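What follows is a single structure, written as structure tokens, with notes after it.
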Amino acid sequence: MDREAKNEKEENDREREKGVAAMVACYQGFDPAAYLQYNYMPPRADFDRQDSIVPWKLGCLHRAFTEGDVGGDVLVDVGSGPTLYQVLSGCEVFDTVFLTDFLEVNRQELRRWLQGEGYSSLDWTPYLQHVCKLEGRRPSAWTEKAARLRSVVSDILPIDVHLPRPLHPDSQLPTAGADCLVSCFCLESVSPDLASFNRALGHIRGLLRPGGHLLLIGALGESYYMGGPGVRIPVVPLDEAQVCASVRASGYTLVRLEVYTLPQGMMVGVDDVTGVFFVKARKP
């Protein structure tokens, strides 16, 4: 590498580090309780409405986990935030689940529910009941599903998707990698630009064994969301073509893309999202 190219690379690296540091600073004011209130209560989580966003996401995940090709021992949820909905179907398929997040406040929120101690900011009962119905079980079976989830979550780990090795080496993840990764509204929400999003997508690929699956949910057309009162967090605006290109460029085989377009009633003033994508992909 000649001197000019080396200097350009170093400058790009510095700019990338500044961008990531700026994103980290944005998240210092993140409020899990407010975020859950904004996004995981009606109308966005109205289980009686066919056009509600949360039931759509749960349906995508249910189908992916019950099609028969996603399985194994270990499921890793990349960037769980303060939410649990993304593993309610997967916990029936996998015997070991790792939840992860960059923020300690989110890891604390998850621990409170999983340990059944103290105050949880959201009642997950309607979510558990809805997934039970998707599975053909009585809604009253939600207590069994809650017990199952608590029994299979092995740990709640810190993660940094901007590092080539996002999890600490002592994380107890099998050397070969996880059998499946789930990641919902994480990568585009913690990346300062599309290049950083693509790198993060490549970094988490290293957590996945060959032949394993990635189930990815994210925002389309979103430039910001509110992470708490007065906490405006920038997001990389994505379209369907960019999502497909990024997944393929990061070394995954794209199996399926599904898209949900927000109706007017789901636009509640806490973001400018226009749609949501669901990707099922596989690591060759």
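In this text, all values refer to a predicted model and were calculated from it rather than measured experimentally. When reading the values below, keep in mind they use all heavy atoms of this one structure, side chains included, and skip hydrogens, waters and symmetry mates.
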Checklist line | Inter- and intrachain pairs under ring-ring contact (aromatic ring centres under 6.0 Å, His included), touching residues 138-166, at least two apart | finding: none
Check: Rounded to the nearest 0.5 Å, what separation is found between the SG atom of Cys244 and the OH atom of Tyr252?
Finding: 14.5 Å
Next item on the list: Might you point out which heavy atoms bring Ser191 and Ala200 nearest each other, and give the distance in Å?
Entry: OG-CB, 4.4 Å
Margin query: Any heavy-atom pair between the side chains of Val131 and Leu61 that's under 4.5 Å?
Written below: no
Check: Roughly how far, to the nearest 0.5 Å, is CG of Leu173 from NE2 of His168?
Finding: 13.5 Å
Margin query: When you compare the side chain of Val152 with that of Leu75, does any pair of heavy atoms fall below 4.5 Å?
Written below: no
Checklist line | By ring-ring contact (aromatic ring centres under 6.0 Å, His included) - contacts of His203 (at least two apart) | finding: none
Checklist line | Full working for side-chain contact (heavy atoms from CB on, under 4.5 Å) between Phe47 and Val54 | finding: CA-CA 8 Å; Phe47 297 103; Val54 166; 4.0 Å; yes
Note to self: Tell me the closest heavy-atom pair linking Glu135 and Leu88, and the distance in Å.
What the structure shows: OE2-O, 4.1 Å
Next item on the list: For Tyr40, enumerate each residue passing the ring-ring contact (aromatic ring centres under 6.0 Å, His included) test, keeping only those at least two apart in sequence or located in another chain.
Entry: Tyr35, Tyr85
Margin query: Taking the side chain as everything from C-beta on, heavy atoms only, tell me whether Val74 gets closer than 4.5 Å to Phe94.
Written below: no
Notebook entry, point to check: Would you find a donor on one side and an acceptor on the other, under 3.5 Å apart, between the side chain of Thr100 and the backbone of Gly79?
Noted result: yes
Note to self: Any non-hydrogen side-chain atom of Trp124 less than 4.5 Å from a side-chain atom of Leu36?
What the structure shows: yes
Item checked: Distance-minimising heavy-atom pair for Ala219 and Val273 -> CB-CG2, 3.8 Å
Notebook entry, point to check: Heavy-atom distance under 4.5 Å between the side chains of Val236 and Leu238, does that happen here?
Noted result: yes
Next item on the list: Output all residues satisfying salt bridge (Lys or Arg N to Asp or Glu O under 4.0 Å) with Arg282, sequence neighbours left out; order by chain, then residue number.
Entry: none
Next item on the list: Could I get the full list of ring-ring contact (aromatic ring centres under 6.0 Å, His included) partners for Phe98, not counting sequence neighbours?
Entry: none
Margin query: Can you give me the closest heavy-atom contact between Ser89 and His62, atom names plus distance?
Written below: OG-CA, 3.5 Å
Check: Which pairs count as side-chain hydrogen bond (donor to acceptor under 3.5 Å, both in side chains) when at least one residue sits in residues 171-180, sequence neighbours excluded?
Finding: Asp179-Arg209
Item checked: Ser80 and Leu110, any side-chain heavy atoms less than 4.5 Å apart -> yes
Check: Does the side-chain contact (heavy atoms from CB on, under 4.5 Å) test come out yes or no for Leu214 and Leu201, once each step is laid out?
Finding: CA-CA 10 Å; Leu214 168 69; Leu201 195 53; 4.0 Å; yes
Next item on the list: Can you measure from CG (Leu114) to CG (Leu84) and round to the nearest 0.5 angstrom?
Entry: 5.5 Å
Notebook entry, point to check: At their closest point, which heavy atom of Asp101 faces which heavy atom of Gly81, and how far apart are they?
Noted result: OD1-N, 2.8 Å
Margin query: Connecting only ILVMFWY residues whose side-chain heavy atoms lie within less than 4.5 Å of each other, what is the rest of Tyr38's hydrophobic cluster?
Written below: Tyr224, Met226, Val268, Val270
Next item on the list: Enter the distance from Cys180:SG to Asp77:CG here, rounded to the nearest 0.5 Å.
Entry: 9.5 Å
Item checked: Sequence neighbours excluded, every pair satisfying salt bridge (Lys or Arg N to Asp or Glu O under 4.0 Å) that has a member inside residues 85-96 -> Glu92-Arg137, Glu92-Lys145, Asp95-Arg148
Next item on the list: Hey, could you give me each pair passing salt bridge (Lys or Arg N to Asp or Glu O under 4.0 Å) that has a residue in residues 33-55? Not counting sequence neighbours.
Entry: Arg44-Asp271, Arg49-Asp51
Next item on the list: Report yes if some heavy atom in the side chain of Leu122 is under 4.5 Å from a heavy atom in the side chain of Met41; otherwise report no.
Entry: yes
Margin query: Taking atom CZ as the centre, does Arg165 end up with more than 12 heavy-atom neighbours from other residues, nucleotides or ligands that are less than 6.0 angstrom away?
Written below: no
Notebook entry, point to check: Going by the side-chain hydrogen bond (donor to acceptor under 3.5 Å, both in side chains) test, which pairs reach into residues 230-246, not counting sequence neighbours?
Noted result: Asn198-Ser246
Next item on the list: Say whether Ile204 and Leu163 are linked into one hydrophobic cluster, either directly or through other cluster members, by side-chain heavy-atom distances under 4.5 angstrom.
Entry: no
Check residues 274-281 and write down every donor-acceptor pair under 3.5 Å in which the side-chain atom is one partner and the other belongs to a residue at least two apart or another chain.
residue, atom, partner, partner atom, Å
Thr274, OG1, Leu220, O, 3.1
Lys280, NZ, Glu67, OE1, 2.5
Lys280, NZ, Asp69, OD1, 2.8
Lys280, NZ, Asp69, OD2, 3.0

Item checked: Value rounded to 0.5 Å, distance of CD1 in Ile156 from CD in Glu109 -> 10.5 Å
Notebook entry, point to check: Of the non-hydrogen atoms in Asp193 and Arg199, which two are nearest, and what is the gap between them?
Noted result: OD1-NH2, 4.4 Å
Next item on the list: State, with a plain yes or no, whether a side-chain heavy atom of Ile233 is found less than 4.5 Å away from one of Met23.
Entry: yes
Next item on the list: Taking Ser154 for its side chain and Thr96 for its backbone only, find out whether a donor-acceptor pair lies under 3.5 Å.
Entry: no
Margin query: Before you tell me yes or no, could you show the steps for Trp113 and Leu149 under side-chain contact (heavy atoms from CB on, under 4.5 Å), namely the whole-Å CA-CA distance, both residues' side-chain angles and the distance that decides it to 0.1 Å?
Written below: CA-CA 11 Å; Trp113 187 88; Leu149 179 57; 3.7 Å; yes
Margin query: Treating Asp155 as the side-chain partner and Leu157 as the backbone partner, does any N or O pair qualify as donor plus acceptor under 3.5 Å?
Written below: no
Note to self: Working to the nearest 0.5 angstrom, can you tell me the gap between Met266 CE and Ile53 CD1?
What the structure shows: 8.0 Å
Which donor-acceptor pairs under 3.5 Å do the side chains of residues 26-34 make with protein atoms, sequence neighbours left out?
residue, atom, partner, partner atom, Å
Tyr27, OH, Ser189, O, 2.6
Tyr27, OH, Tyr225, OH, 2.8
Gln28, NE2, Val24, O, 2.9
Asp31, OD1, Ala33, N, 3.1
Asp31, OD1, Ala34, N, 3.2

Check: Side-chain heavy atoms under 4.5 angstrom apart, residues restricted to Ile, Leu, Val, Met, Phe, Trp, Tyr: same cluster for Leu208 and Val255?
Finding: no
Next item on the list: Tell me, with the steps shown, if Cys60 and Lys57 meet side-chain contact (heavy atoms from CB on, under 4.5 Å).
Entry: CA-CA 5 Å; Cys60 289; Lys57 292 187 290 184; 5.8 Å; no
